[in-house]
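This report concerns only the one structure given below.
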Amino acid sequence: TQLLEQSPQFLSIQEGENLTVYCNSSSVFSSLQWYRQEPGEGPVLLVTVVTGGEVKKLKRLTFQFGDARKDSSLHITAAQPGDTGLYLCADPNGSGNTGKLIFGQGTTLQVKP
Amino acid sequence: NAGVTQTPKFQVLKTGQSMTLQCAQDMNHNSMYWYRQDPGMGLRLIYYSASEGTTDKGEVPNGYNVSRLNKREFSLRLESAAPSQTSVYFCASNLSGWNSGNTIYFGEGSWLTVV
């Protein structure tokens, strides 16, 4: 089973600041997903990256997949309080073709007004 | 559109008691999953059902049993609850297997405390 390491574990910033969170593995990802989980709710898929070097943007969020497909980053520009939540990366191929997602431990982000 | 619905939302159990968490999806998905979420651990897969009539163990199956009652419903049972099973439980579903367009949908979670 592939292990996903996320960093940092916790991040508390002021509104308007930029931030980057990371997801790393010792193995190569076939693809990688990023989820956001708000308090009291289940995770919601933000993006899937598939190709090494791929960059995807979702409003103020920029997702990058490493060239070697062993790491990924999520960059948030001008963070808003509404960005507060738990950000999880996941490997949908962690255990074969079953959609059996393997998750990292998550980065908890707090954006203060 | 309800999506994935879990019940109960909150439950307190005494050590040794049993209970069943219910999950239903209305998206005609083939695959369903039970995860638990603990602080600093992300989500860990307990059991999954790739299709109606099949179930398989995930990363942390000990102390749990599951039943895929029909295509819509997938229940998780704790036969003799232990404090280590205090957690937030999430049910999820997706169409089947994995491909680039196959999104997994999560329920809102069930908060279980075992005292």
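Computed over heavy atoms, backbone and side chain alike; hydrogens, waters and symmetry mates excluded. This is a predicted model, so every value here is computed, not measured. All chains are named by letter (A, B, ...) in the order of the sequence lines, taking the proteins before the strands, and each is independently numbered beginning at 1.
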For A:Gln37, is it the side chain, the backbone, both, or neither that has a heavy atom closer than 4.5 Å to a heavy atom of chain B?
side chain
Do B:Tyr105 and B:His29 make the cut of ring centroids closer than 6.0 angstrom?
yes
Quick check on B:Gln6 against chain A: is it the side chain, the backbone, both or neither that has a heavy atom closer than 4.5 Å?
neither
At a 4.5 Å cut-off on heavy atoms, which part of A:Tyr35 comes close to chain B: side chain, backbone, both, or neither?
side chain
Return the orientation label for the B:Phe90 and B:Phe106 ring planes: parallel under 30°, perpendicular over 60°, tilted otherwise.
perpendicular
Less than 6.0 Å separating the ring centroids of B:Trp111 and B:Phe10?
yes
Distance check, rounded to the nearest 0.5 Å: A:Lys57 atom NZ versus A:Thr77 atom OG1?
7.5 Å
When only pairs under 4.5 Å are counted, which of B:Gly107, B:Gly42, B:Cys91 shares the most heavy-atom pairs with chain A?
B:Gly42
Show your working on salt bridge (Lys or Arg N to Asp or Glu O under 4.0 Å) between A:Glu15 and A:Lys112 and close with a plain yes or no.
CA-CA 6 Å; A:Glu15 181 177 1; A:Lys112 301 175 186 175; over 6 Å; no
Can you tell which part of A:Gln9 gets under 4.5 Å to a heavy atom of chain B, answering side chain, backbone, both or neither?
side chain
